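See below for the structure under consideration.
As the structure is a computational prediction, the values presented were derived from the model and not from experiment. Computed from heavy atoms alone, side chains included, the values below leave out hydrogens, waters and symmetry copies.
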Amino acid sequence: MEGSLLEVDVHMTTGSSTHLNNLSKAIQKPGFRIDGTFYGLVPLADMVLTQEEKDIGSMIVDLGGETMSVGIYIDGVLRFSRDIPFGCDLITSDIARLLHTPRQSAKEIKEKYGVAFPTVLEDEGEIPVPTLDGRTMHNVKKAFILDIIQPRVEELFEEVKKVVDRSGYKDFPVVGVLTGGGSVMPGIANVCVNVLGLREVRLGTVSREHIIGDERFFEPQYATAMSLVAYAAQSSMYEEFNKASFEQKTGLLSKIGKIFKGVDIFGN
């Protein structure tokens with residue numbers, strides 16, 4: 001084939017050099033060495049999305065505490081990605097402020113009683129809430145917790161919608177996949193459907209096809225970490241990791257190296 005012009009469409013990700021340098025210093029200070037840097041959304045999507053979802057058009061949203069990551073796959077390829085510099089920790093802050101309770105107590109209330117949509121509220125009972133000084137308790141209705149959480153979750157997905165609307169691909173995703181610690185809250189998929197207008201939204205967890213480990217590590221809050229470990233093990237960089245990545249004899253290498261199918265990554 002002959003031609004006079006060669007063009008290519010590429011998806012480029014960028015990151016703050018200051019942020020990356022600070023992470024590098026934190027990792028290198030105890031004696032470890034960095035052999036490579038990966039954009040976490042790519043291996044995460046490989047672990048929680050099916051190939052059919054990537055082909056038909058899907059959106060993955062990683063709902064972290066301090067950040068949210070959004071990726072859009074079309075025809076099997078990552079077409080758009082963006083990180084939003086805030087996340088579900090805002091829900092914890094709202095609960096702590098409005099219930100006048102310590103932040104740790106607010107986090108526990110969110111995880112134990114929090115729901116994001118009225119139809120998943122099982123009962124109208126009350127829950128005990130410790131005061132700021134931790135000496136006394138007061139009761140609040142579960143419906144009041146919902147009234148705190150739902151508007152904030154809607155606001156978070158509104159920010160996701162703004163990002164997607166500016167991407168140029170807002171009409172392509174038909175499936176939404178939520179992962180990260182924030183995705184486990186009951187009713188959050190309902191809010192996602194209402195705000196983003198997707199036809200289907202599901203919870204995304206790490207596939208057990210290539211990794212076997214302790215059941216708790218397959219929860220959505222560990223999805224990115226598990227995906228990065230699997231990606232490093234399966235990539236061409238694995239030999240470098242095996243030889244020199246972790247110079248301290250902490251036993252971590254022996255655990256990370258056992259990623260392949262049929263091996264317990266968190267075993268002895």
From [X] atom [atom1] to [Y] atom [atom2], the distance as rounded to the nearest 0.5 Å:
| X | Y | atom1 | atom2 | answer |
| --- | --- | --- | --- | --- |
| Ile145 | Tyr113 | CD1 | OH | 10.0 Å |
| Leu90 | Met68 | CG | CE | 8.0 Å |
| Asn194 | Glu154 | CG | CD | 8.0 Å |
| Glu159 | Arg82 | CD | CZ | 12.5 Å |
| Tyr169 | Ile74 | OH | CD1 | 6.0 Å |
| Arg152 | Leu98 | CZ | CG | 9.5 Å |

Assess, by modelled atom type and distance only, whether the side chains of Thr179 and Asp62 contain a donor and an acceptor separated by less than 3.5 Å.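 Result is no, nothing qualifies.
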Step through the shown structure and confirm whether more than 12 heavy atoms of other residues, nucleotides or ligands are within 6.0 Å of [atom1] on [X].
| X | atom1 | answer |
| --- | --- | --- |
| Arg79 | CZ | yes |
| Lys142 | NZ | yes |
| Ile56 | CD1 | no |
| Gln51 | CD | yes |

Within the 4.5 Å heavy-atom criterion, are [X] and [Y] side-chain neighbours or not?
| X | Y | value |
| --- | --- | --- |
| Ile34 | Leu23 | no |
| Leu146 | Pro118 | yes |
| Thr101 | His138 | no |
| Phe157 | Leu63 | yes |
| Val153 | Phe117 | no |
| Tyr222 | Val229 | no |
| Phe217 | Val206 | no |

Is it true that Lys162 and Glu158 have a side-chain N and a carboxylate O under 4.0 angstrom from each other?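 Salt bridge between Lys162 and Glu158, a charged N being under 4.0 Å from a carboxylate O: no.
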Would you say Val175 ends up clustered with Val195 if hydrophobic residues are merged whenever their side chains have heavy atoms under 4.5 Å apart, either directly or through other cluster members?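 No; tracing contacts between hydrophobic side chains, which count when under 4.5 Å, never links both residues.
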Between Glu111, Lys107, Lys110, Glu108, which is the residue that forms a side-chain hydrogen bond (donor to acceptor under 3.5 Å, both in side chains) with Thr92?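 For Thr92, the side-chain hydrogen bond (donor to acceptor under 3.5 Å, both in side chains) check succeeds only for Lys110.
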Is there a donor-acceptor pair closer than 3.5 Å between any side-chain N or O of Asp214 and the backbone N or O of Arg216?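 Yes; judged by distance alone, with no hydrogens or angles, the pair exists.
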For Pro220, does its backbone N or O pair with a side-chain atom of Thr205 as donor and acceptor, under 3.5 Å?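 Between the backbone of Pro220 and the side chain of Thr205 there is no qualifying donor-acceptor contact (under 3.5 Å).
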